[in-house]
Amino acid sequence: MARSMYMQGETIPKATNHVRLSTDKKDAWGIPQLITSVGYDDNDEKMIKDFLTKAQTCCGLPGLKHCSD
């Protein structure tokens, strides 16, 4: 039986992250497209590293096989 594991988290608010409306791109109804700008920082990298470390620990539990990074 195949199993998988994934991570879902959130980045902390940053002044450089923003959302704006496109000045030149519109959807099929003429509404300006939404543009999002999200940057990641050291905290985000630490969160990913922590997830991978904990995932490796979980993969060592009885009944779990084929765990790789």
Side-chain angles (χ1 to χ4, degrees):
M1 174 182 279
R3 300 273 186 212
S4 63
M5 182 180 285
Y6 69 93
M7 174 188 162
Q8 184 173 359
E10 62 184 54
T11 184
I12 58 174
K14 299 172 189 65
T16 55
N17 293 350
H18 64 274
V19 178
R20 68 182 190 278
L21 296 175
S22 175
T23 57
D24 59 338
K25 295 182 180 182
K26 299 185 187 302
D27 66 13
W29 297 274
I31 299 172
Q33 289 185 357
L34 187 65
I35 299 171
T36 58
S37 179
V38 179
Y40 299 101
D41 62 12
D42 187 52
N43 185 64
D44 299 303
E45 296 299 326
K46 288 177 183 176
M47 186 170 49
I48 293 167
K49 185 175 180 179
D50 180 63
F51 167 76
L52 293 173
T53 300
K54 287 191 168 60
Q56 288 292 331
T57 301
C58 290
C59 288
L61 296 175
L64 294 175
K65 300 177 184 178
H66 308 293
C67 187
S68 62
D69 48 356

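Keep in mind that the numbers below use all heavy atoms, side chains included, and drop hydrogens, waters and symmetry copies. A quick note: this is a predicted structure, and the numbers were derived from the prediction, not measured.
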Next on the checklist: Taking Thr53's backbone N and O only, do any of them form a donor-acceptor pair with Asp50's side chain (distance below 3.5 Å, no angle check)?
Outcome noted: no
Which atom pair, heavy atoms only, marks the closest approach of [X] to [Y]?
X: Met7; Y: Phe51; answer: SD-CB, 3.6 Å
X: Asn43; Y: Ile12; answer: ND2-CG2, 4.1 Å
X: Thr16; Y: His18; answer: O-ND1, 3.2 Å
X: Pro32; Y: Ser22; answer: CB-O, 3.5 Å
X: Lys26; Y: Gly30; answer: CD-O, 3.3 Å

Item to check | Cluster link Met47 to Leu52, ILVMFWY, side chain under 4.5 Å | outcome: yes
Next on the checklist: Is there a side-chain contact (heavy atoms from CB on, under 4.5 Å) between Leu21 and Ile35? Walk through the geometry before answering.
Outcome noted: CA-CA 6 Å; Leu21 296 175; Ile35 299 171; over 6 Å; no
Next on the checklist: Could you tell me if the side chain of Lys14 sits less than 4.5 Å from the side chain of Asp44, heavy atoms only?
Outcome noted: yes
